[in-house]
Structures are given as structure tokens and as C-alpha cells.
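Input: a single structure, listed below in C-alpha cells.
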Amino acid sequence: MSTPRGEGGSGAVPHWTTVARPVDRTPASAADPRPSGVVAWVAVVSVLVIVAVAVAALFAARGLAEAESVRDAADRADRIADAIVEPALTDALVDGDEEARRAMDDEVRDHVLSSSIVRVKIWDDTGRVVWSDEPALNDRRFTLDEDDLEALAGGAAGVEAEVSDLTAPENEYERDRGKLLEAYRAVETPGGQTLLFEVYFRYDEVLQRSGQLFAGFAGITIGSIVLVVLLLLPVLRQLLRALDRARVQREALLERALDASAAERRRIAGALHDGVVQDLVGASLAVSAESGSARARGDVTTADGLDRVAGALRGSVGGLRSLLVDIYPPNLARAGIGPALDDLAAGVRSRGVAVVLEADAASALDDEGQRLVFRVVQECLANVVAHARASVVSVTAAQPDEGGVVVTIADDGAGFDPELLTRPEPDHFGLRVLADVASAGGAGLDLRTAPGRGSRWRLTLPASAVASAAAAGVPGSRS
């Protein structure tokens, strides 16, 4: 094959300019999510959602359980105050009578103190410890905080509970008992004096009760989530069926649309060929015959005019036939890419440009790939004829080791500045068409050119465009 001058001349070799990048074409049906993929995706998302909801619910359940166990301790302190402490209160206890203190001590140790309750204190409104099961606290005074004062002022309206501050001076005898929960409320003596009753619970007992409540909350939470998932499974199944039906319908509609488009193109091409083209051919023959008659009569001026009209008609016929090839190239649909490129080459050779054609490897492409190659080669050759002023153009196709097909169109013409690709001038519309056609087909398109260096287009089709590797083994090259 002869080398186009633009690629073999002197001077620096122009660099490649990327016009479009190759992208593997994925069939529409393959791009659709399959039921198995949807099930896997939904399963993963469901597990993540269940875990997230379960963790959040369990944290909430833990907090609710702990709050509930604190309320239980407060309720227990309230019942102790009503049933045991308040009935045992006497005015003598407030006055510090030892007999009254021993009676309260017996009552509390027999009915209140236990493995979960470690301390009981009774205060007056001055901050004096009226009585405690720890005798060292009796008659000692401490500063009451605002919550204690509010409880005293509120009377027996309710009980409060909070974690004990073991660093406080009044709690010095409880510091070796671990974390404690204190609950307190107002009680009254028979004489109507308001005192503050305070009981201290071991916090691990609170946590144990919290764990029991948490187990119940957690079971309900997890069970509810699992039940919701089970109820949603039939809905998911119906959605998958609807998705599959929609995919089948879309594929059928796409196939019918493609068939309708091809049929419409054939109809338009047939109508042009059998109607306008034939009429123009007939008119051209009639005008040529009339030109001959006029010349025979010696009317040279009329004959020359009729010859010009006949030439214009033949040019119009040629243009329409080229348009027919654009709309529906018969050889591409009937015989494949090789004969269709032969038709394009014949048209270029008729314009005085030699064409070297070695594109048998393009036969390995699927129908869409062959149409893309035809469209790009057609546009490149049209540019060569219209602008390049070339003497030789070559069209080659090869299958590289990495797969796919690479088609190269090179000429030894005038070349041009590749910056024209980025300019919006209407004169460069054909260059933008090439870029758009390649991009729409998922192919890569590169250009190497410079003024006076010819042009070299490289169309790269991905491996997904190859229909069969064996189809590429068509021997022979055409020149």
C-alpha cells in the first residue's frame, strides 16, 4: 500500500488529538437490573437498614429501660415512705428521743434495708439529720440543695430520684458502696412537721432491672422489624415481576422502533429511487436527445445550453444517489461493510482520488459497529473530496491484541489546523459531525493533522462492538 504523503513527509510528526473517547457499548437488556441483582441489592440494603434501625432502637430501648428502672426505684421508695416510714414517725424522733430512734431503727432494719437498699436518712428543713441507720450521721447538719428544699416545700406530692453525689459531705459513709441511686420525698410527723425521707439504692440493682426491661423491649423491636421485612417480601416479588415485564416490553418496543426506522428509511430510499431519480434520469436523456437534434440542425448555441442542462440533471441524479446511500446503503444492509465501502471508494475514485482499501477486519463488527464505520468513513471521504486536495487516501481496519477494531482513514492532502475542532464556524460542520457520530456510537476518534501534512483519522471501536472474531478472517485487499 502506498503511504499518503501527509504521514511520510519531512518535519515533525503531528501529535494525536482526541476527538471522542471509546466506551464499551452495553446492550439495553444487559444494562437493565436483573431480578437476582435486585434481590441481592435489596437484601444488602435491608440488612443495613435492619442493623441501623435495630442499633438505634436498642440504644433507645436501653435508655427507656434504664429510665423505667429508675422510676421503679422511685415508686418503691414512695411505697416504703407511705407504708413503713411515715407510720413509724413520731414527734419524739424529731426531738432526738433515743427510744423513738431505736423504734425507727428496728422498723427500718426489719422492713427496709436489704441487698438493694443500703442507706436511709430523714432530714428536717434545717438540714439536720433527724435519723439515719448510720448513727454517726444523727444530729449532724448539712446544706440542703435546691431539689431537697423543693421536695420539702412540695409536701408528699411526689418522689424524686437521681444518682447520688458520693463526693458530698453527707454521703461520706456511702462511698464504699459503689454507684448509688437516691430517691427522696417529703413525709409528715403526727404533729404536722414536714421531714425529708431519703433512701439509697444500689445502682447495679437498677441496671439489673434495666436489663430485664431491655430484653423485653429488644425482643419487641427486633420482632417488629423482622415482621415488617417478611410483610414486604411479597411486595418486592411483585415489583420484580413488574420490572421484568417492563424490561421485556421496552425491549420489544425498541426492536419495533428500530424495525420501523429501517423500514421507513427503505421506503424513502425506494420512493426517491423509483420516483424522482428516474424522472431526472429520463429528463436528462430527453434533454441530451434534444441537444443532439439541435446540433444536427446546426443550432450550436441551443445545443450547448441543453448540454449544460443535461449535465446539471446528471449531477442532481448523482447527488440524489449519494443521498440514497446515506439514507439506506443497500450494500451495507445486504452484503456487509466490505461492499458498502467499495461503493464509497468507487465514488471517490470517480473524482480523481486514488483509494487504497484494506478494511476486511471491519467485517468482524456487529451491525451497529458496521454502520458506525460506514458513517465515519463516508464523512471522512467526503471531506477529502471537498477540502483535502489529496491524490491518495487509504482506509484500513485492524483488530489489535487488546480487542475491538481500529479503522484508519489517511490522506496526503493539505491537512488543517486541529484547533478547528473547537471552533463553531459553520464551515467546520463536518468535523463536528464526525465527533458526534463517534461519541454516539461509543467509539473513540483521534486525529493527527497539520497544515501541509495530510490528515489521519483513527476510529477505535471497543471489544463489545465485535460480533464474531472469526468473521474478520476474510482474505484479500482491494485497491
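What you are looking at is a predicted structure, and each value in this text was computed from that prediction instead of being measured. Because only heavy atoms are used, hydrogens play no part in the values below, and waters and symmetry mates are left out as well, while side chains stay in.
Closest of all the heavy-atom pairs between A73 and F201 is O-CZ, 3.4 Å. Closest heavy-atom contact between A359 and L341: CB-CD1, 3.7 Å. Looking at every heavy atom in both residues, R314 comes nearest to S284 through CG-OG, 3.2 Å. For the pair L459 and A443, the tightest heavy-atom approach, listed with the atom from each and the gap, is CD1-CB, 3.8 Å. Across all non-hydrogen atoms, the minimal contact from S316 to L280 is CB-CD1, 4.2 Å. The two residues A361 and V405 make their nearest non-hydrogen contact at O-CG2, 4.0 Å.
Between the side chains of Y184 and E182, no donor-acceptor pair is found at a separation under 3.5 Å. Under the 3.5 Å distance criterion, with hydrogens and angles disregarded, no donor-acceptor pair is assigned to the side chains of S164 and N171. Residues R76 and S116 bring a donor and an acceptor atom of their side chains to less than 3.5 Å of each other.
With hydrogens and angles ignored, the 3.5 Å screen pairs a side-chain donor or acceptor of R349 with a backbone N or O of V355. At least one donor-acceptor pair under 3.5 Å links the side chain of D412 to the backbone N or O of S391. A donor-acceptor distance shorter than 3.5 angstrom exists from the side chain of T449 to the backbone of G454, with no hydrogens or angles considered. Looking only at distances, a side-chain donor or acceptor of S363 sits under 3.5 Å from a matching main-chain atom of D360. Of the possible polar contacts, one joining the R175 side chain to the T167 backbone as a donor-acceptor pair under 3.5 Å is found.
The CG atom of L144 sits 12.0 Å away from atom CD of E150, with the distance rounded to the nearest 0.5 Å. For the atom pair CZ (R250) and CZ (R245), the distance works out to 13.5 Å, reported to the nearest 0.5 Å. One distance of note links CH2 of W457 with CG of N383; it measures 7.5 Å at 0.5 Å rounding. The line from CG of D147 to CG of D145 is 5.0 Å long, rounded to the nearest 0.5 Å.
One finds a salt bridge joining R295 and D304 here, because a Lys/Arg side-chain nitrogen approaches an Asp/Glu carboxylate oxygen to under 4.0 Å. Remark: D78 engages R185 in a salt bridge, criterion side-chain N to carboxylate O under 4.0 Å.
Between L445 and R458, every side-chain heavy-atom pair lies at or beyond the 4.5 Å cut-off. With contacts defined as side-chain heavy-atom distances shorter than 4.5 Å, the pair S455/F416 qualifies. Using a 4.5 Å cut-off on side-chain heavy atoms (C-beta onward), D204 and K179 make no contact.
At most 12 non-hydrogen atoms from other residues, nucleotides or ligands lie less than 6.0 angstrom from CD of E146. In R237, the CZ atom is not crowded: 12 or fewer heavy atoms of neighbouring residues, nucleotides or ligands sit closer than 6.0 Å.
Exactly one of T18, T408, T17 qualifies for a side chain to side chain donor-acceptor pair (under 3.5 Å) with D446. That residue is T18.
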Q.
Please evaluate residues V407 and V376 with respect to the criterion side-chain contact (heavy atoms from CB on, under 4.5 Å), reporting the C-alpha separation (whole Å), side-chain torsions for both, the decisive distance (0.1 Å), and the verdict.
A. CA-CA 10 Å; V407 179; V376 170; over 6 Å; no
